[in-house]
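Report on the structure given below.
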Amino acid sequence: MKFATIGHLRVEEDIHQFPKSWIQGDLAISPELNIHGTRGYITGLLLTARQMMELPQNIVRKKILDAAVFVQNSFGVDLIQLGALTTSVTDGGVWVTQQTEYTGFVNHGDSYTAAVTCQTVMKALTFFHKESSDEVLAIVGAYGVIGEAVSKILVPQFKQSILIGRKEEKLNNLKKSLQGNFSTTVDLNTIRNADIVVTATSHPTALLRSEHLKKHVIVVDVSQPPNLSYEVCQQRPDVCRIDGGLVDFPAQIPIPGMPVGKNFACIVEVIMQAMEDERKNHAGSIDLKHLRKTEKWGEKYGFTLKELTNFGKTITRTEEKNDN
Ligand SMILES: NC(=O)c1ccc[n+]([C@@H]2O[C@H](COP(=O)([O-])OP(=O)(O)OC[C@H]3O[C@@H](n4cnc5c(N)ncnc54)[C@H](OP(=O)(O)O)[C@@H]3O)[C@@H](O)[C@H]2O)c1
């Protein structure tokens, strides 16, 4: 199978991180990559996160479909990955699977992202010598594609969980699929009660402010663009922000903002699917059996979570001592 990822800019300045030769019309397209014999492309719509969420949805969807059809017809791509907010604006990718112009397979890559997010949370607890059964967890974006799977896996393991979204009805639906001690709310201020926060939202800019955060809270920030800004981290050295959804990946792929030797779990999932030649769609709600399979693929190929990072920088023991 030949893969292509379809992402977008986080902010306008990201465009300068692509070589000029990548820009073709309103798309950035990498040269053909060869990862252990599996070929594919990194592509990006030249729309910012804000534009992705604020332009009329039919316009954004058409650009995503045009990109999928272009890589299919020009390069023989038959597996696309819906990166960052392209999943959010296409009903978890389901809309793309329903379009007839693109005939290949679709994967949002959120299954491995959710798996790695849960691994990151457990690794962070070990790092800080904490037990999940003593801690309060908050999940922001709890009924999103990633948030729902993370909630199903983590909530039963924590003393208490606070599940946060924007719509009561969706929170009520989420409740039916969960076991454990949890409450649901639309009030972001309740994060203040949590010892560890997972944030996986489609909010196009930073969402968490200093006043939302308890002293010494751990924040696993999966969102792209990030939900916890560098500036808030500077103001609050007691807070430990950890990148969610980043794994070790030896091949260097030039993605704006990507630390050397790392890659997004969502991109890696689709590269692994192409390596495995698994001819299936993975769109919409996550199948936990598939999520576990992606973990096995990660181990098989060595694309796993090896260390905790914050904005790509390795988190060291000194982070524990910050007490401002
Ligand atoms: N690190 C990685 O490897 C990686 C991989 C994939 C995705 N991501 C990122 O992860 C995030 C989530 O992706 P996804 O595919 O799970 O998206 P999704 O299915 O669209 O879920 C996002 C959820 O966030 C909620 N939300 C948006 N704004 C909010 C706010 N202000 N307060 C509370 N909830 C809010 C949305 O609620 P409504 O439905 O009510 O709008 C939605 O349920 C995105 O930022 C994406 O770019 C990262």
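Counting convention: from 1, in listed order, for ligands and their atoms alike. Only this structure's heavy atoms are used, side chains among them; waters, hydrogens and symmetry mates stay out.
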Check: Do ligand 1 and Val145 have nitrogen or oxygen atoms that lie under 3.5 Å from each other?
Finding: yes
Next item on the list: Spell out, yes or no, whether Val198 and Met122 are grouped together once hydrophobic residues are joined by side-chain heavy atoms under 4.5 Å, including indirect joins.
Entry: yes
Margin query: Closer than 4.0 Å to some heavy atom of Thr113 - which atoms of ligand 1 meet that?
Written below: 2 (C), 3 (O), 4 (C), 5 (C), 6 (C)
Next item on the list: Report yes if Thr87 has an N/O atom closer than 3.5 Å to an N/O atom of ligand 1; otherwise report no.
Entry: no
Next item on the list: Enumerate the residue pairs fulfilling salt bridge (Lys or Arg N to Asp or Glu O under 4.0 Å) with a member in residues 88-100, sequence neighbours excluded, ordered by first and then second residue.
Entry: Arg61-Asp91
Margin query: Taking atom CD as the centre, does Glu131 end up with more than 12 heavy-atom neighbours from other residues, nucleotides or ligands that are less than 6.0 angstrom away?
Written below: no
Next item on the list: Would you mind running through ligand 1 and noting each atom that sits below 4.0 Å from a heavy atom of Ser88?
Entry: 17 (O), 18 (P), 20 (O)
Next item on the list: Please report which non-hydrogen protein atom sits nearest to atom 1 (N) of ligand 1, along with the residue it belongs to and the distance in Å to one decimal place.
Entry: Gly244 O, 3.2 Å
Next item on the list: Using a strict cut-off of 4.0 Å, indicate which atoms of ligand 1 neighbour a heavy atom of Gly245.
Entry: 1 (N), 2 (C), 3 (O)
Next item on the list: Could you find the nearest protein heavy atom to atom 15 (O) of ligand 1 and give me its residue, atom name and distance?
Entry: Asp110 OD2, 2.6 Å
Checklist line | Under the ring pair (Phe, Tyr, Trp, His ring centres under 6.0 Å) test, residues paired with Trp22 that sit two or more places apart | finding: Phe18
Margin query: Give me the nearest non-hydrogen protein atom to atom 27 (C) of ligand 1 as residue plus atom name, then the distance to 0.1 Å.
Written below: Ser202 OG, 3.2 Å
Next item on the list: Would you mind running through ligand 1 and noting each atom that sits below 4.0 Å from a heavy atom of Tyr143?
Entry: 37 (O), 38 (P), 39 (O), 40 (O), 43 (O)
Next item on the list: In plain terms, say whether Glu299 and Lys296 are close enough for a salt bridge, that is, a side-chain N and a carboxylate O under 4.0 Å apart.
Entry: no
Notebook entry, point to check: Near His203, which atoms of ligand 1 are under 4.0 Å from a heavy atom of that residue?
Noted result: 27 (C), 28 (N), 31 (N)
Margin query: Going by the closest heavy atom to atom 39 (O) of ligand 1, which one wins out of Lys170, His8, His108, Glu169?
Written below: Lys170
Notebook entry, point to check: For atom 34 (N) of ligand 1, what's the nearest protein heavy atom and its distance?
Noted result: Arg166 CG, 3.8 Å
Checklist line | Numbered atoms and elements of ligand 1 in range of Cys266, under 4.0 angstrom, heavy atoms | finding: 3 (O), 5 (C), 6 (C)
Note to self: Within the 4.0 Å heavy-atom shell around Lys167, which atoms of ligand 1 are there?
What the structure shows: 38 (P), 39 (O), 40 (O), 41 (O)
Checklist line | Test of proximity, Ile146 against ligand 1: N or O pairs below 3.5 Å | finding: yes
Item checked: Contact atoms of ligand 1, heavy-atom distance to Ala265 under 4.0 Å -> 3 (O)
